[in-house]
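Working notes for the structure below.
Computed from a predicted structure; not experimentally measured. Reminder, nothing fancy here: chain letters follow the sequence lines and each chain counts from 1.
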Number of protein chains: 2
Amino acid sequence: MTSKTKISPDFIQNAARILKTLGHPQRIKIVEYLEDGEKPVSQIQRNLDLIQPIVSQHLKIMLDRGIVKYRQEGTRYYYSLANDFILKILSCMSDAQEMISRGEWSLENFNNN
Amino acid sequence: MTSKTKISPDFIQNAARILKTLGHPQRIKIVEYLEDGEKPVSQIQRNLDLIQPIVSQHLKIMLDRGIVKYRQEGTRYYYSLANDFILKILSCMSDAQEMISRGEWSLENFNNN
DNA sequence: ACTTTATATAGTATTATTTATATATTCTAT
DNA sequence: ATAGAATATATAAATAATACTATATAAAGT
């Protein structure tokens with residue numbers, strides 16, 4: 001059983017923003033990649049096989065929304081997760097993945113389009 | 001410590017979709033409202049003070065993405081959460097709310113715009 | 001049959017997000 | 001001072017999400 005979740009009305013906007021921000025495949029991948037510590041942009045770029053401005057753009061969005069932070073060293077920008085909590089959301093999604101693979105949840109609907 | 005979250009590459013699109021879908025204030029409110037059981041559209045509408053087509057649209061989006069389901073009875077459509085798991089995500093967000101209120105996390109960044 | 005109620009669906013305009021491309025900045029090494 | 005590397009920023013184009021208005025459907029009551 002799940003206890004009554006009460007998100008305060010003031011916080012709903014923030015909650016939506018966080019979820020929406022993480023609701024992008026490449027950003028999820030970036031967050032996952034940052035899980036084991038800070039990484040410079042170039043490395044993220046290589047790892048995810050994306051062009052540099054795209055990576056910087058996603059990082060900026062996540063920076064503005066408090067999801068990542070960075071530390072500059074010379075010409076390198078080392079990005080890392082602003083917070084361990086972000087991983088909780090991802091681990092929640094990996095639970096979802098399990099449920100679906102066990103057939104306990106279906107994302108597809110009969111009247112899907 | 002959080003254990004290594006591993007979302008399979010195949011699932012990342014789905015994960016993003018779920019998060020993005022929940023990343024809307026009114027949809028969060030709807031999900032919260034459905035927490036204590038199925039509700040007909042009209043009641044959701046009254047509760048959230050929205051016009052009917054908006055509610056139906058959000059419900060349809062969430063239906064297509066496996067987040068809600070419904071049961072028709074006469075002219076009434078009773079919507080409910082497709083899954084208890086959805087609440088876990090929200091409860092995760094209510095944890096976030098706490099962290100922020102305790103000052104352990106800031107959503108605002110110096111160079112925010 | 002006709003009307004009302006509850007809800008869905010369609011179409012559309014507006015706005016936001018995403019991606020791509022091009023350029024600027026800043027640091028480092030020469 | 002110049003050049004190269006790493007990254008940011010600006011801008012434009014393409015795409016998607018949102019909210020609104022109007023209309024359709026289907027069941028229930030008269």
Side-chain angles (χ1 to χ4, degrees), chain A residues 12-31 33-34 38-80 109-113, chain B residues 12-31 33-34 38-80 109-113:
Chain A
I12 288 202
Q13 301 290 332
N14 291 329
R17 201 145 207 258
I18 295 167
L19 293 172
K20 199 178 187 184
T21 303
L22 291 176
H24 186 294
Q26 290 171 352
R27 287 195 289 260
I28 291 180
K29 284 184 198 161
I30 292 174
V31 168
Y33 188 53
L34 294 180
E38 61 173 22
K39 299 275 189 310
V41 176
S42 54
Q43 208 171 315
I44 299 171
Q45 180 188 341
R46 249 178 293 114
N47 184 259
L48 303 194
D49 194 31
L50 296 172
I51 62 179
Q52 176 266 316
I54 296 286
V55 177
S56 284
Q57 278 163 14
H58 285 310
L59 288 169
K60 175 157 179 38
I61 288 167
M62 293 198 283
L63 179 66
D64 288 346
R65 300 177 186 183
I67 290 172
V68 301
K69 58 183 166 47
Y70 72 92
R71 173 178 74 81
Q72 184 174 0
E73 199 175 281
T75 172
R76 288 209 139 86
Y77 288 62
Y78 291 90
Y79 279 86
S80 57
N109 223 297
F110 13 92
N111 61 334
N112 206 345
N113 52 5
Chain B
I12 288 202
Q13 301 290 333
N14 291 329
R17 202 145 206 261
I18 296 167
L19 292 173
K20 201 178 185 180
T21 303
L22 292 175
H24 188 292
Q26 290 171 351
R27 288 195 290 261
I28 292 180
K29 284 183 200 163
I30 292 173
V31 169
Y33 187 53
L34 295 179
E38 63 174 22
K39 300 276 187 312
V41 176
S42 55
Q43 207 170 315
I44 299 172
Q45 180 187 341
R46 249 177 293 112
N47 184 260
L48 303 196
D49 194 31
L50 295 171
I51 63 180
Q52 177 266 319
I54 296 286
V55 177
S56 284
Q57 270 170 200
H58 284 309
L59 288 170
K60 175 158 179 36
I61 288 167
M62 293 198 285
L63 179 67
D64 288 346
R65 300 178 186 181
I67 290 173
V68 300
K69 57 184 169 42
Y70 73 92
R71 174 178 73 83
Q72 185 174 359
E73 197 175 285
T75 174
R76 288 212 139 84
Y77 287 63
Y78 290 90
Y79 280 88
S80 58
N109 224 297
F110 13 91
N111 60 333
N112 207 345
N113 51 7

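In the set dC20(D), dT18(C), dA8(D), the nucleotide with an atom closest to the side chain of Gln57(B) is dC20(D). Checking dT18(C), dA8(D), dT19(C) against every side-chain atom of Ile54(A), the shortest atom distance belongs to dT19(C). Checking dT7(D), dT7(C), dT18(D) against the side-chain heavy atoms of His24(B) singles out dT18(D) as nearest. Across dT18(D), dT9(D), dC20(D), the shortest atom-to-atom separation from the side chain of Pro53(A) is found for dT9(D). Of the candidate nucleotides dA19(D), dA8(D), dT7(D), dT7(D) has the atom lying nearest to any side-chain atom of Arg76(A).
Here the CZ atom belonging to Arg71(A) is positioned 8.5 Å from the OG atom belonging to Ser80(A), to the nearest 0.5 angstrom. Put simply, NE2 on His58(A) and CD on Gln26(A) are 4.5 Å apart, with the number rounded to the nearest 0.5 Å. Between the CZ atom of Arg46(A) and the CD1 atom of Ile44(A) there is a distance of 10.5 Å, given to the nearest 0.5 Å.
With rounding to whole Å, Gln72(A) atom CD is found 15 Å from dT25(C) atom P. At whole-Å resolution of the value, CD in Glu73(A) and P in dA8(D) are 14 Å apart. In this structure, NZ of Lys39(B) is placed 17 Å from P of dA6(C), rounded to the nearest angstrom. A straight line from CG of Leu48(B) to C1' of dA19(D) spans 15 Å, rounded to a whole angstrom. Summarising the geometry, the separation between NZ on Lys60(B) and P on dG11(C) is reported as 14 Å, rounded to the nearest angstrom. Atom CD of Gln52(B) is separated from atom P of dT9(C) by 11 Å (rounded to the nearest Å). Rounded to an integer number of Å, the gap from Gln45(B) CD to dA6(C) P is 9 Å. Atom CG of Asp64(A) and atom P of dT18(C) are 13 Å apart (whole Å).
For dT19(C), the OP1/OP2 oxygens have a side-chain nitrogen or oxygen of Gln26(A) closer than 4.0 Å. For dT7(C), the OP1/OP2 oxygens have a side-chain nitrogen or oxygen of Ser42(B) closer than 4.0 Å. Distances shown here put every side-chain N or O of Thr75(B) at or beyond 4.0 Å from the OP1 or OP2 atom of dT5(C). In this model, the phosphate group of dA16(C) is not approached by any side-chain N or O of Lys20(A) to a distance below 4.0 Å at OP1 or OP2. Between His58(A) and dA20(C), a side-chain N or O to OP1/OP2 separation shorter than 4.0 Å is absent.
Among all heavy-atom pairs drawn from Val68(B) and Leu63(B), the shortest one is O-CD1, 3.4 Å. Pairing each heavy atom of Thr21(B) with each of Ile61(B), the nearest pair is CG2-CG2, 4.1 Å.
Comparing Val41(B) and Arg27(A) against DNA chain C, the residue whose closest nucleotide sits nearer the 5' end is Val41(B). Summary of the strand contacts: Ile51(B) and Tyr77(A) both lie near DNA chain D, and taking for each the nucleotide with the nearest heavy atom, the more 5' one is attributed to Tyr77(A). Where Pro40(A) and Gly23(B) each meet DNA chain D at their nearest nucleotide, the meeting point lying more 5' is that of Pro40(A).
Across all strands shown, Tyr78(A) has no heavy atoms under 4.0 Å from either base or sugar-phosphate atoms.
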I'd like to know whether Lys60(B) forms a side chain to side chain contact (heavy atoms under 4.5 Å, CB included) with Ser56(B), so could you lay out the CA-CA distance, the side-chain angles of the two residues, the decisive distance to 0.1 Å, and finally the verdict. CA-CA 6 Å; Lys60(B) 175 158 179 36; Ser56(B) 284; over 6 Å; no
